[in-house]
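Quick caveat: nothing in here was measured; it's all calculated off a predicted structure. Numbering of residues begins at 1 and proceeds along the displayed sequence. Both backbone and side-chain heavy atoms feed into the values below; hydrogens, waters and symmetry mates do not.
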Amino acid sequence: MTLQEKDKKHVWHPFTQHFTAKEHLEIVSAKGIYLTDVDGEKYIDANSSWWVNTHGHGHPHIGEAINTQFSTMDHIVFAGVTHPKAVELADRITNLLPEHLEKVFFSDNGSTAIEIAMKMVIQYFYNRGEEKSKFLAMNGSYHGDTFGAMSVGQRGYFNKPFEPFFFAVDYIDFPTSENEQAILNQAEILFSSGEFAGLIIEPLVQGAAGMRMYSPVFLDKLTALAQKNDVLIIFDEVMTGFGRTGKLFAMDFCKNKPDLVALSKGLTAGVMALGLTVASDKIYEAFLSDDIGKALLHGHSFTANPIACAVACASLDLFEEKKTWENIDDIVTWNTSFAKELSQFENVENIRQQGTILAFEVKTGEGNSYFSDVKTKAYPFFLEKGILLRPLGNVIFVNPPYCITEEEYRQIKEAIVSFLKD
Ligand SMILES: *Cc1c(COP(=O)(O)O)cnc(C)c1O
């Protein structure tokens with residue numbers, strides 16, 4: 001049996017309709033920016049392996065951290081026990097975040113980091129005996145695929161069967177120059193009802209909605225309203241964290257900072273499964289009591305896995321290197337000049353950039369749908385050109401690992417240009 005046949009027999013892939021799915025790309029190795037398939041064909045990893053990879057695949061410094069940690073200590077329980085790499089990571093990450101974000105809760109992925117943030121918000125008010133439990137979220141948002149995360153995400157096609165089980169959430173529209181004031185008015189009315197516990201939002205860039213971008217000025221106005229009404233703010237920086245936006249965190253562009261932030265994806269350079277929920281002291285203190293029931297009674301088997309923590313620390317080492325930020329700045333510059341070039345194309349619209357992420361829509365006349373024809377045509381077209389690039393519907397976007405060279409970026413650019421000319 002071939003690998004493809006065995007895969008078909010036993011593997012259930014994410015976001016895949018197996019009835020119509022074609023053969024899967026068979027990748028056998030990954031190094032730097034390149035993925036290599038079973039036939040030896042190489043592909044540039046233009047979307048950073050589902051937006052997670054930061055420093056390139058197989059980075060020696062990351063590899064060394066894994067080996068060292070494995071031979072020192074692989075995994076231990078994290079209740080009643082602590083270990084050096086978890087503490088180092090908590091210490092270093094809180095030093096990089098705003099001063100009031102001081103307490104780090106560990107989990108395994110972005111969805112769990114979000115679940116935990118929401119549970120912290122709900123229990124914060126519960127512990128204080130206040131009846132506030134509603135969330136405000138934004139249309140088009142994606143916060144993960146567990147129930148709480150789905151509840152605050154965009155409702156519709158992707159999670160229809162589960163909708164009866166979601167809790168009640170209010171939504172504001174995605175901001176544009178026309179509706180910003182109306183959204184803020186709506187948020188102000190909702191918040192002043194006193195029913196809202198939390199505002200949950202992807203700061204500056206909505207990833208899964210198609211890399212939709214909005215300004216920090218708007219976000220500051222929205223978060224100011226939340227703060228005024230004692231509504232706790234969760235920033236979902238699962239995608240925007242670790243340099244993607246051109247700064248370490250999207251919140252570094254904002255005046256108002258959140259009460260909680262969820263981190264994953266780039267946290268471990270895209271190598272290990274780890275999520276962090278970082279909360280303010282104010283939230284943490286609401287859980288302190290003689291009553292065990294007021295503690296956050298939540299945990300995962302692999303909470304603060306030492307190897308994952310060691311990898312996250314090693315990734316932070318790389319973010320301390322000047323070269324990493326020079327690379328990020330280069331990508332930002334290339335994106336900006338490519339954006340200008342793209343604006344010459346008649347079949348391109350809504351070109352947008354936030355740091356290392358560049359996105360645009362291909363005009364189809366059928367609107368922006370995840371199942372758009374553009375995706376079906378573009379994906380194999382780019383593979384043919386040696387580039388792994390997965391559009392979201394008719395949105396084509398580039399968010400490469402930071403180790404990409406100018407020549408490799410040029411290859412992506414030329415492939416996109418030839419797709420558009422086709
Ligand atoms: C990917 C993502 C998540 C979910 O993270 P998983 O690790 O896939 O569970 C949550 N929020 C945002 C903004 C994401 O991009």
Side-chain angles (χ1 to χ4, degrees), residues 75-91 93-94 97-137 143-144 146-152 165-170 190-200 223 226-236 257-264 274-306 309:
H75 184 67
I76 50 150
V77 57
F78 202 59
V81 175
T82 192
H83 64 77
K85 282 295 170 188
V87 176
E88 179 187 336
L89 178 57
D91 182 40
I93 209 83
T94 51
L97 286 164
E99 211 175 334
H100 68 287
L101 294 174
E102 278 283 37
K103 296 292 190 282
V104 179
F105 199 101
F106 295 81
S107 62
D108 317 310
N109 58 68
S111 304
T112 53
I114 290 291
E115 293 289 330
I116 291 160
M118 285 196 290
K119 284 177 80 168
M120 284 175 175
V121 166
I122 292 167
Q123 196 176 345
Y124 169 85
F125 288 109
Y126 174 89
N127 282 357
R128 289 159 47 112
E130 290 180 54
E131 279 189 29
K132 286 173 114 174
S133 58
K134 273 184 114 173
F135 282 90
L136 186 68
H143 297 294
T146 50
F147 271 88
M150 283 194 292
S151 290
V152 290
F165 305 96
F166 295 165
F167 51 76
V169 173
D170 277 282
L190 289 171
F191 286 158
S192 62
S193 70
E195 293 171 1
F196 282 81
L199 165 70
I200 178 162
T223 47
Q227 286 171 342
K228 197 176 102 188
N229 290 284
D230 195 21
V231 174
L232 296 175
I233 301 160
I234 302 171
F235 273 9
D236 178 350
K257 309 299 181 183
D259 300 283
L260 296 130
V261 61
L263 303 170
S264 190
L274 185 69
L276 298 183
T277 309
V278 188
S280 65
D281 272 327
K282 173 178 113 174
I283 293 174
Y284 178 79
E285 277 155 21
F287 289 73
L288 302 178
S289 162
D290 294 331
D291 178 2
I292 176 78
K294 290 205 166 173
L296 184 67
L297 299 176
H298 182 111
H300 299 276
S301 314
F302 290 101
T303 298
N305 171 260
C309 291

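Note that CG of Asp170 and CG of Leu190 are 5.0 Å apart. Values are rounded to the nearest 0.5 Å. In this structure, CD in Glu115 is found 8.5 Å from CE in Met150, a value given to the nearest 0.5 Å. Between the CG atom of Leu199 and the CZ atom of Phe235 there is a distance of 8.0 Å, given to the nearest 0.5 Å. Note that CD1 of Ile116 is 11.0 Å distant from CG of Leu260, once rounded to the nearest 0.5 Å. With rounding to the nearest 0.5 Å, the separation of CZ in Phe78 from CZ in Phe105 is 9.5 Å. With values rounded to the nearest 0.5 angstrom, Glu88 atom CD is found 11.0 Å from Ile93 atom CD1.
Considering only heavy atoms from C-beta on, His143 stays 4.5 Å or farther from Ser111 through its side chain. Taking 4.5 Å as the limit, every side-chain heavy atom of Pro258 sits out of range of all side-chain heavy atoms of Thr223.
For Asp91, there are no salt bridge (charged side-chain N to carboxylate O under 4.0 Å, His left out) partners two or more places apart in sequence or in a different chain. Residues passing the ring pair (Phe, Tyr, Trp, His ring centres under 6.0 Å) test with Phe135: none are found, sequence neighbours excluded. In this structure Lys132 satisfies the side chain to side chain donor-acceptor pair (under 3.5 Å) test with no other residue, sequence neighbours excluded. Applying the salt bridge (charged side-chain N to carboxylate O under 4.0 Å, His left out) criterion to Glu195, with sequence neighbours excluded, gives Lys134.
Asp259 and Leu232 get closest at one heavy-atom pair: OD2-CA, 3.4 Å. Between Ala304 and Ala86, the shortest heavy-atom contact is CB-CB, 4.1 Å. Across all non-hydrogen atoms, the minimal contact from Ala137 to Val169 is CB-CG1, 4.0 Å. Considering all non-hydrogen atoms of both residues, Gly110 and Ser264 come closest at N-OG, 3.3 Å.
Screening Asp236, Thr146, Asn109 for a side chain to side chain contact (heavy atoms under 4.5 Å, CB included) involving Ile114 leaves a single residue, Asp236.
Under the 3.5 Å distance criterion, the side-chain polar atoms of His83 are left unmatched by any main-chain donor or acceptor of Val77.
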Under 3.5 Å, which donor-acceptor pairs do the side chains of residues 117-130 form with other protein atoms, sequence neighbours left out?
unit_1	atom_1	unit_2	atom_2	d
Lys119	NZ	His298	ND1	2.9
Gln123	NE2	Gly293	O	3.4
Gln123	NE2	Lys294	O	3.2
Gln123	NE2	Ala295	O	2.9
Tyr124	OH	Arg128	NH1	2.9
Asn127	ND2	Ala286	O	3.0
Asn127	ND2	Lys294	O	2.9
Arg128	NE	Glu130	OE2	2.9
Arg128	NH2	Glu130	OE2	2.7

Run the side-chain donor-acceptor check on residues 276-283: report pairs under 3.5 Å with partners two or more places apart or on a different chain.
unit_1	atom_1	unit_2	atom_2	d
Thr277	OG1	Ala113	O	2.8
Ser280	OG	Ile283	N	3.4
Asp281	OD1	Lys103	NZ	2.7

(request) Begin from the C-alpha positions of Leu274 and Leu263 and carry the test side chain to side chain contact (heavy atoms under 4.5 Å, CB included) through to its verdict. (result) CA-CA 8 Å; Leu274 185 69; Leu263 303 170; over 6 Å; no
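Between Phe191 and Phe196, the angle of the ring planes goes over 60°, which puts this pair in the perpendicular group of the 30/60° scheme.
For Phe106 and His300, the distance between ring centers is not under 6.0 angstrom.
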